Amino acid sequence: MDYALVMQELESLGKDRTKKTYLSNGAHEPLFGVATGAMKPLAKKIKKNQPLAEQLYASGNYDAMYFAGIIADPTAMTEADFERWIEAAYFYMLSDYVVAVTLAETDIAQAVADKWIASGEELRMSAGWSCYCWLLGNRPDSEFSTSKIASMLDQVEKTIHDSPDRTKSAMNNFIYTVGISYLPLHDKAVETAKAVGPVEIKRDKKKSSILLASENIQKEIDRGRIGFKRKYVRC
């Protein structure tokens, strides 16, 4: 399938209600409003196709950009490619759920995520922390430096409340993910969550939301899900 045909297919899958939801979360035109589940049959036909993914991502259409992440071949992407993708990721559903997810399937994931976390830019930082969440939730514990992850927990504890909102959300999710999916630092993550306490996320034209990693970790403990790993990162 070529670019024009994929765009035609995506447009046919669009729903006004889904479009309104995406717009309320920060997406902007152009977009069709395609539910992620509705993309799966199309993705199965195409499988991995990096040149097509690049065309779709460059379109600026939110649905096409999201679909690009599904059919991308992460192993064919360089750090420069990811820099280009994060530059075009204009809100968190792209930075955290397309770019960070795709990056998490590469060998350069931690190195690139580290740079983004240190960048001082809200969505780059958010993508960096989110990438670690995807990594920790999928890869064996042995692939990570315990001292490094511990240091990152300390960084979150010291800086989360002064960070931009989307970065706060990703940092909070990092605490939760370490607590659930990285057994060597489960106890430290629990203590960090307690020390951090409630995290307020302000939303445009909406009531602020309060995140509480300690509560969410306890729920997973009660369910017996400590040590949980995802089989796949991307859908």
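Just so it is clear, the model here is predicted, and its values are computed rather than measured.
Under a 3.5 Å cut-off, the side chain of Asp63 and the backbone N or O of Leu10 do not form any donor-acceptor pair. Put simply, the side chain of Lys229 gets close to the backbone of Arg139: a donor and an acceptor are under 3.5 Å apart. Under the 3.5 Å distance criterion, the side-chain polar atoms of Thr106 are matched with a main-chain donor or acceptor of Leu103.
Within the structure, side-chain hydrogen bond (donor to acceptor under 3.5 Å, both in side chains) contacts touching residues 69-94 (residues at least two apart or in different chains) are Asn25-Tyr92, Glu54-Arg84, Glu54-Trp85, Asp73-Thr75, Thr78-Asp81, Glu79-Lys115, Asp81-Arg84, Glu83-Trp116, Glu83-Arg124, Glu87-Arg124. Within the structure, side-chain hydrogen bond (donor to acceptor under 3.5 Å, both in side chains) contacts touching residues 10-23 (residues at least two apart or in different chains) are Lys19-Glu29.
In terms of hydrophobic clustering, with Ile, Leu, Val, Met, Phe, Trp and Tyr side chains grouped at heavy-atom distances under 4.5 Å, Ile160 and Tyr182 are assigned to a common cluster. Taking hydrophobic clusters as Ile, Leu, Val, Met, Phe, Trp and Tyr residues chained together by side-chain heavy-atom distances below 4.5 Å, Ile108 does not share a cluster with Met125. A single hydrophobic cluster is not seen to contain both Tyr232 and Leu136; linkage of ILVMFWY side chains at heavy-atom distances under 4.5 Å, directly or through other members, places them apart. Clustering ILVMFWY residues whenever any of their side-chain heavy atoms sit less than 4.5 angstrom apart, transitively, puts Phe174 in the very cluster that holds Ile201. Ile175 is connected to Ile226 through a chain of hydrophobic side-chain contacts under 4.5 Å among Ile, Leu, Val, Met, Phe, Trp and Tyr, so both are in one cluster.
Considering all non-hydrogen atoms of both residues, Ile86 and Ser95 come closest at CD1-CB, 3.9 Å. In this structure, Ala64 and Met7 approach most closely via the heavy-atom pair CB-SD, 3.6 Å. Nearest heavy atom pair, residue Pro184 against residue Asp141, reads CD-OD2, 3.3 Å. Residues Lys168 and Ser163 share a closest heavy-atom pair of CE-O, 3.2 Å. Nearest heavy-atom pair, Ala109 versus Cys131, reported as atom, atom and distance to 0.1 Å: CB-SG, 4.0 Å. Nearest heavy-atom pair, Ser209 versus Arg203, reported as atom, atom and distance to 0.1 Å: OG-NH2, 3.0 Å.
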Next on the checklist: Please determine whether side chain to side chain contact (heavy atoms under 4.5 Å, CB included) holds for the pair Glu105 and Trp134, giving the CA-CA distance in whole Å, both sets of side-chain angles, and the decisive distance to 0.1 Å.
Outcome noted: CA-CA 9 Å; Glu105 292 200 0; Trp134 296 113; over 6 Å; no
Checklist entry - Taking it one step at a time, do Tyr57 and Leu52 satisfy side chain to side chain contact (heavy atoms under 4.5 Å, CB included)? => result CA-CA 9 Å; Tyr57 197 84; Leu52 179 56; over 6 Å; no
Checklist entry - For Asn173 and Leu211, what are the C-alpha separation, side-chain angles and deciding distance, and is it a side chain to side chain contact (heavy atoms under 4.5 Å, CB included)? => result CA-CA 9 Å; Asn173 196 34; Leu211 307 178; over 6 Å; no
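The side-chain heavy atoms of Tyr132 and Gln110, taken from C-beta on, include a pair separated by under 4.5 Å. Two residues are said to be in side-chain contact when any heavy atoms from C-beta on lie closer than 4.5 Å; Val199 and Leu212 fail this criterion. Using a 4.5 Å heavy-atom threshold, the side chains of Ile71 and Lys48 count as separate. By the 4.5 Å heavy-atom criterion applied to side chains, Thr102 and Phe82 are counted as neighbours. Inter-residue side-chain proximity for Val98 and Met93 is flagged as unmet; no heavy-atom pair is nearer than 4.5 Å. For the pair Phe67/Val6, a side-chain contact is recorded, criterion being any heavy-atom separation below 4.5 Å from C-beta on.
Contacts of Asp96 classified as side chain to side chain donor-acceptor pair (under 3.5 Å), with partners at least two apart in sequence or in another chain: Ser126, Ser130. In this structure Lys219 satisfies the salt bridge (Lys or Arg N to Asp or Glu O under 4.0 Å) test with no other residue, sequence neighbours excluded. Lys202 is linked by a side-chain contact (heavy atoms from CB on, under 4.5 Å) to Asp165, Glu200, Ser208, counting only residues two or more places apart in sequence or in another chain. Under the side-chain contact (heavy atoms from CB on, under 4.5 Å) criterion, Pro41 pairs with no residue at all, not counting sequence neighbours. A search for salt bridge (Lys or Arg N to Asp or Glu O under 4.0 Å) contacts involving Glu157 returns nothing, not counting sequence neighbours. Scored by the side-chain contact (heavy atoms from CB on, under 4.5 Å) test, Gln155 finds Ile117, Trp129, Thr159 as partners (sequence neighbours excluded). In terms of the ring-ring contact (aromatic ring centres under 6.0 Å, His included) criterion, residue partners of Phe91 (sequence neighbours excluded) are, by chain and number, Tyr62. Under the salt bridge (Lys or Arg N to Asp or Glu O under 4.0 Å) criterion, Arg166 pairs with no residue, sequence neighbours left out. For Asp222, the side-chain contact (heavy atoms from CB on, under 4.5 Å) test picks out Gln218, with sequence neighbours left out.
The OG1 atom of Thr177 sits 8.5 Å away from the CD1 atom of Ile217 when rounded to the nearest 0.5 Å. The structure places CD1 of Ile180 at 8.5 Å from CG of Asn216, a figure rounded to the nearest 0.5 Å. Leu135 CG to Glu143 CD: the interatomic distance, rounded to the nearest 0.5 Å, is 8.5 Å. Remark: Met152 CE to Ser145 OG distance equals 10.5 Å, nearest 0.5 Å. Interatomic distance, Leu123 CG to Leu94 CG, rounded to the nearest 0.5 Å: 9.0 Å. Ile149 contributes atom CD1, which lies 7.5 Å from atom CG of Leu185 (distance to the nearest 0.5 angstrom).
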Donor-acceptor list for residues 187-198 side chains, cut-off 3.5 Å, not counting sequence neighbours:
{"from": "Lys188", "atom 1": "NZ", "to": "Asp154", "atom 2": "OD1", "distance (Å)": "2.8"}
{"from": "Thr192", "atom 1": "OG1", "to": "Lys188", "atom 2": "O", "distance (Å)": "2.8"}

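Other residues, nucleotides and ligands contribute over 12 non-hydrogen atoms within 6.0 Å of the CZ atom of Phe144.
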